[in-house]
Amino acid sequence: MNNLGKELDHMLQSKLSSARYKHTKGVATTSAKMAKLFGIDQEAAYLAGIYHDAMREESEDTLLAMAKRYLIEIGKMEKEYPVLLHGPVAAKSLENEYGVTDKNILEAITWHTTGTANMCDLSKIVYLADMIEPTRVYPGVEGLRELAYNDLEKAFYACVKHSILHVINQNKKMHENTVACWNDFIELGGPIGIKGKS
């Protein structure tokens with residue numbers, strides 16, 4: 001962990017609730033572990049993971065105000081569910097307050113909740129780590145964890161599918177970026193082996 005990672009870790013430990021900090025730390029360490037396995041920058045993965053939920057406990061009014069200040073587009077879904085802004089607001093905060101300009105880190109934080117089309121490998125890792133870190137408990141998580149440490153593309157496909165089905169089963173609206181993420185994945189043929197490819 002570099003100096004910024006240590007600084008953010010210390011700051012978030014005092015800012016977030018105990019449960020949220022434990023989750024955040026779990027995403028950071030899981031992201032770094034996966035990054036090592038798949039040959040991706042571990043420090044970048046840790047930074048994206050430790051900061052991904054930095055704004056998750058802010059009020060809806062604060063998220064909307066920060067989004068306006070950072071000139072983040074506030075769509076129909078974000079107006080209805082301002083909590084969806086916590087990723088984009090955190091990314092802008094990391095850039096503006098801590099000088100982080102790495103595009104992949106900022107994108108990973110931005111899209112960790114909804115996903116989107118054309119996600120880089122670091123974004124996929126943080127998205128996955130958010131779903132499988134050690135404090136997560138739900139039916140099927142063990143299978144997703146096993147897959148995540150063996151095949152990044154198949155694991156990402158499985159996690160996006162799991163998220164979409166979860167939203168459908170709760171009769172909730174689907175964010176347009178989640179739909180774009182799924183359609184992009186299907187247009188690219190899906191992961192090798194999922195659609196019978198070799």
Side-chain angles (χ1 to χ4, degrees), residues 1-2 5 20 22-53 56 84 86-88 90-91 94 100 102-170 172 174-198:
M1 185 190 328
N2 62 24
R20 180 74 56 194
K22 193 171 181 181
H23 162 70
T24 297
K25 188 80 173 175
V27 172
T29 55
T30 300
S31 293
K33 185 176 175 182
M34 290 178 65
K36 183 178 182 180
L37 281 174
F38 297 114
I40 296 167
D41 185 335
Q42 294 177 65
E43 295 286 350
Y46 188 90
L47 274 181
I50 199 70
Y51 209 73
H52 82 288
D53 265 356
R56 183 62 181 81
L84 292 170
H86 77 274
L94 188 62
V100 173
D102 185 309
K103 181 182 171 187
N104 290 337
I105 292 174
L106 299 177
E107 285 186 5
I109 294 170
T110 298
W111 304 122
H112 80 270
T113 302
T114 62
T116 192
N118 302 313
M119 288 171 69
C120 67
D121 285 347
L122 180 58
S123 292
K124 292 175 183 174
I125 281 175
V126 173
Y127 183 94
L128 285 165
D130 192 28
M131 288 188 66
I132 64 155
E133 59 86 15
T135 70
R136 293 291 198 195
V137 179
Y138 55 86
V141 69
E142 289 301 332
L144 292 175
R145 279 192 188 113
E146 184 177 345
L147 196 55
Y149 290 115
N150 288 292
D151 190 313
L152 179 59
E153 291 301 313
K154 285 184 182 177
F156 183 64
Y157 171 90
C159 281
V160 171
K161 186 175 182 179
H162 181 93
S163 294
I164 288 172
L165 291 174
H166 179 71
V167 171
I168 290 171
N169 288 335
Q170 291 191 323
K172 290 185 175 179
M174 192 78 62
H175 195 285
E176 61 192 28
N177 286 329
T178 305
V179 175
C181 179
W182 179 257
N183 288 344
D184 179 58
F185 212 72
I186 297 303
E187 285 173 9
L188 292 173
I192 293 172
I194 292 293
K195 292 179 69 179
K197 294 187 174 187
S198 59

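Here, residue 1 is the first one in the sequence, and each next residue gets the next number.
Proximity of Asn118 to Asp184: side-chain heavy atoms (C-beta onward) are separated by under 4.5 Å at one or more points. Put simply, the side chain of Leu128 does not reach to within 4.5 Å of the side chain of Tyr149, judged on heavy atoms. When side chains are defined from C-beta on, Asp130 counts as touching Arg136, because their heavy atoms get closer than 4.5 Å. At a threshold of 4.5 Å between non-hydrogen side-chain atoms, the residues Ser123 and Phe156 do not count as touching. Side-chain contact between Ile164 and Trp182: present, with at least one pair of heavy atoms (C-beta onward) separated by less than 4.5 Å.
Defined by atom type and a distance below 3.5 Å, a donor-acceptor pair is missing between the side-chain atoms of Lys33 and Tyr46.
Considering only residues two or more places apart in sequence or on other chains, His175 meets the side chain to side chain donor-acceptor pair (under 3.5 Å) condition with Glu78. In this view, Glu142 and Arg145 satisfy the side chain to side chain donor-acceptor pair (under 3.5 Å) rule, not counting sequence neighbours. In terms of the salt bridge (charged side-chain N to carboxylate O under 4.0 Å, His left out) criterion, residue partners of Arg20 (sequence neighbours excluded) are, by chain and number, Asp53, Glu57. Applying the side chain to side chain donor-acceptor pair (under 3.5 Å) criterion to Ser163, with sequence neighbours excluded, gives Tyr127.
Counting only distance, with no hydrogens or angles, the side chain of Thr178 and the backbone of Thr114 share a donor-acceptor pair below 3.5 Å. At least one donor-acceptor pair closer than 3.5 Å links the side chain of Thr29 to the backbone N or O of Gly26.
Residue pairs meeting the ring-ring contact (aromatic ring centres under 6.0 Å, His included) criterion with at least one partner in residues 24-45, sequence neighbours excluded, do not occur; the list is empty. Annotation: salt bridge (charged side-chain N to carboxylate O under 4.0 Å, His left out) contacts involving residues 108-125, sequence neighbours excluded, comprise Lys124-Glu153.
If you look at Tyr138 and His166, their ring centroids are not closer than 6.0 Å.
Note: His86 and His112 have perpendicular aromatic rings, judged against thresholds of 30 and 60 degrees for the angle between ring planes.
Residues Ala158 and Leu144 approach most closely at CB-CD2, 3.7 Å, considering heavy atoms.
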